[in-house]
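Just so it is clear, the values below take in all heavy atoms, side chains as well, and ignore hydrogens, waters and symmetry mates.
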Amino acid sequence: MAKLSYTRDELMASHDYARPHERAGYKLHGGFLAGGTYVSPRVLHRWPAVKAWQAALTNKGWPLIDATVQLLKRGNYPNIPQEKFLLSHGIGQPLWNSLTITGVIEARGRQLCDLQAPDFQQIIVEDISETCTGHLHKGLLYAHGADEGGDPEAPEYGAHDDMWYAARDLCFGAGRYPLPDIPESIGRPDTGRLMPQLPAGFEQLILLLMNVLMIEVRAESFFAFCCDIMRDGDAFPERRAEAAEAADMVERIRTDEAIHVGYLQTTVSEMRSFTFKTVDGGTVKGKDLIDPIWEGMVHWHSVTQADFSREQTREAIQAGLAKVQDGAKLFAQFDKLDDMAKAA
């Protein structure tokens with residue numbers, strides 16, 4: 001029988017690495033096994049645990065919710081042809097900005113290390129001691145935060161923030177452009193109480209987990225875009241080897257992020273199967289509580305925010321092109337590539 005109960009120390013344990021992870025002047029988390037395979041930090045037991053919890057849930061007849069890019073209704077913007085067009089005309093700042101902003105947003109994820117997660121057993125009827133939900137406050141949230149913005153207990157190692165900066169510097173060279181303005185948030189804004197049946201603190205954490213899961217799903221689309229453009233033979237012709245290595249760096253981030261999708265997908269799926277105690281002394285089925293909220297979260301991230309972000313990016317690119325010779329003509333050509341993608 002698979003193990004379903006873990007200590008915090010077990011969930012925080014890493015593999016024994018044969019070689020450290022260092023590149024582009026950054027000392028980074030994770031490492032390489034003797035055969036050269038990159039392995040994420042803190043997954044020695046975390047991955048087996050998540051897979052065991054997933055199997056236990058599905059064996060009870062509860063499927064995992066979809067947490068793939070199939071949820072997304074919009075593709076990456078700019079698309080690959082548009083990005084190649086910009087780069088071919090020496091316009092690299094939009095991609096530089098995206099990589100930089102991604103690194104800054106990742107750094108904010110370190111806040112999960114400080115989050116004092118409540119014990120969900122207080123509001124769930126079923127025993128959750130052998131579930132993913134029952135381990136959120138036993139290291140899962142801390143490990144996620146450490147992956148994103150660095151482990152406060154090991155500050156000498158950079159995390160995803162530095163990995164994105166390393167990928168950016170490999171493609172463009174350090175300090176190629178000034179730092180961009182950073183958005184305050186990329187998560188769904190607070191819209192008031194959505195689960196008044198639950199204590200506010202528990203509702204806030206559930207919404208946070210859903211928000212972060214959809215951010216991770218959106219990130220997967222960006223990973224694919226970055227790897228494609230960084231490995232494209234026509235992009236970064238003067239830094240071809242460095243750009244290819246940047247793609248490898250993004251793949252390592254992608255490897256790290258998979259465990260985040262895994263445990264968040266498992267937690268939200270488990271919550272659908274539970275019976276929640278309500279503040280008025282009653283109970284509510286998890287799927288009745290979770291499903292409509294999750295549907296709204298998916299729509300906001302995949303449509304509402306995607307369209308808003310696209311328009312912001314388009315306006316920024318248009319403003320940037322307006323400063324160069326024949327900018328209006330270049331922007332029209334840029335837009336045409338988007339129309340071609342839609343018609344394909």
Side-chain angles (χ1 to χ4, degrees), residues 50-74 112 115 117-137 140-141 144 185-221 257-308:
V50 168
K51 291 177 180 178
W53 292 323
Q54 290 179 342
L57 181 64
T58 56
N59 286 341
K60 294 177 182 176
W62 289 92
L64 295 173
I65 61 168
D66 184 12
T68 68
V69 292
Q70 297 302 314
L71 292 174
L72 305 180
K73 308 300 183 185
R74 308 288 189 266
L112 291 173
L115 181 62
D119 182 359
F120 271 90
Q121 189 63 78
Q122 299 175 34
I123 63 164
I124 293 174
V125 173
E126 296 84 3
D127 177 18
I128 64 169
S129 62
E130 294 188 336
T131 67
C132 192
T133 306
H135 287 76
L136 290 175
H137 66 302
L140 288 179
L141 291 175
H144 187 161
S185 174
I186 59 172
R188 186 182 184 183
D190 184 3
T191 55
R193 294 297 303 270
L194 299 178
M195 305 178 189
Q197 309 97 314
L198 304 182
F202 288 97
E203 176 192 11
Q204 290 168 2
L205 183 53
I206 293 172
L207 293 177
L208 173 65
L209 297 176
M210 290 183 177
N211 243 325
V212 174
L213 177 53
M214 279 306 302
I215 290 172
E216 299 282 6
V217 172
R218 286 163 53 191
E220 172 57 31
S221 177
E257 296 287 10
I259 186 65
H260 304 162
V261 174
Y263 93 90
L264 291 168
Q265 176 191 34
T266 305
T267 298
V268 177
S269 301
E270 286 177 345
M271 288 184 175
R272 296 185 68 251
S273 74
F274 296 146
T275 305
F276 285 84
K277 303 174 185 177
T278 58
V279 293
D280 62 2
T283 60
V284 60
K285 292 181 179 179
K287 64 181 182 63
D288 294 337
L289 185 70
I290 297 296
D291 287 359
I293 308 299
W294 174 242
E295 182 179 350
M297 191 70 71
V298 170
H299 185 271
W300 187 87
H301 279 278
S302 64
V303 178
T304 306
Q305 175 60 14
D307 289 346
F308 176 72

Requested in this report: Might you point out which heavy atoms bring Glu130 and His135 nearest each other, and give the distance in Å?
Outcome: CA-CE1, 4.4 Å

Query raised in the report: Got a sec, which residues hit side-chain contact (heavy atoms from CB on, under 4.5 Å) with Pro199, two or more places apart in sequence or on another chain?
Result: Ile123, Phe202, Val279

Requested in this report: Work out which heavy atom in Leu72 is nearest to a heavy atom in Ser221; give both atom names and the distance.
Outcome: CD1-CB, 3.8 Å

Requested in this report: Could you tell me which residues satisfy side-chain hydrogen bond (donor to acceptor under 3.5 Å, both in side chains) with Asp127, sequence neighbours excluded, listed by chain and number?
Outcome: Ser129

Requested in this report: Provide the closest heavy-atom pair for Ala67 versus Leu213 in the form atom of the first, atom of the second, distance.
Outcome: CB-CD1, 4.1 Å

Report summary line: Here the gap from Lys73 atom NZ to Leu71 atom CG, rounded to the nearest 0.5 Å, amounts to 7.0 Å

Requested in this report: Please confirm whether the backbone N or O of Cys132 pairs with a side-chain atom of Glu270, one donor and one acceptor, at under 3.5 Å?
Outcome: yes

Query raised in the report: Is there a donor-acceptor contact under 3.5 Å from the side chain of Gln54 to the main chain of Thr266?
Result: no

Report summary line: Between the CZ atom in Arg218 and the CD atom in Gln305, the distance rounded to the nearest 0.5 Å is 5.0 Å

Query raised in the report: Picking from Val50, Leu209, Leu140, Ile65, what satisfies side-chain contact (heavy atoms from CB on, under 4.5 Å) with Leu264?
Result: Leu209

Report summary line: Rounded to the nearest 0.5 angstrom, the OG1-CE distance for Thr278 and Met195 is 14.0 Å

Requested in this report: Apply side-chain contact (heavy atoms from CB on, under 4.5 Å) to Ile124 and Phe276, showing your working.
Outcome: CA-CA 5 Å; Ile124 293 174; Phe276 285 84; 3.9 Å; yes

Report task. Kindly give the heavy-atom pair with the smallest separation between Ser273 and Leu57, and that separation in Å. Result -> OG-CD1, 3.7 Å

Requested in this report: Look only at the side chain of Gln265 and the backbone of Val268, and say whether a donor-acceptor pair between them is shorter than 3.5 Å.
Outcome: no

Report summary line: CG of Leu198 to CZ of Phe120, rounded to nearest 0.5 Å, is 8.5 Å

Query raised in the report: Can you check side-chain contact (heavy atoms from CB on, under 4.5 Å) on His301 and Val217, steps first, answer last?
Result: CA-CA 9 Å; His301 279 278; Val217 172; over 6 Å; no

Query raised in the report: Do Glu126 side-chain atoms and Thr275 backbone N/O form a donor-acceptor pair below 3.5 Å?
Result: yes

Requested in this report: Tell me, please, which residues at least two apart from Ala117 pass side-chain contact (heavy atoms from CB on, under 4.5 Å).
Outcome: His137, Leu141, Leu205

Query raised in the report: side-chain contact (heavy atoms from CB on, under 4.5 Å) with Ala200: which residues, sequence neighbours excluded?
Result: Arg193, Gln204

Show me the donor-acceptor pairs, under 3.5 Å and distance only, between side chains in residues 291-299 and residues at least two apart or in other chains.
residue : atom : partner : partner atom : Å
Asp291  : OD1  : Arg272  : NE           : 2.6
Asp291  : OD2  : Arg272  : NH2          : 3.0

Query raised in the report: Do the ring planes of Tyr263 and His144 sit parallel (below 30°), tilted (30 to 60°) or perpendicular (above 60°)?
Result: perpendicular

Report summary line: The salt bridge (charged side-chain N to carboxylate O under 4.0 Å, His left out) partners of Glu220 (sequence neighbours excluded) come to Arg254

Query raised in the report: Hey, what do you get for CG (Leu136) to OG1 (Thr267), rounding to the nearest 0.5 Å?
Result: 4.5 Å

Report task. Quick one: pull up NZ in Lys285 and CD1 in Ile290 and give me the separation to the nearest 0.5 Å. Result -> 15.0 Å

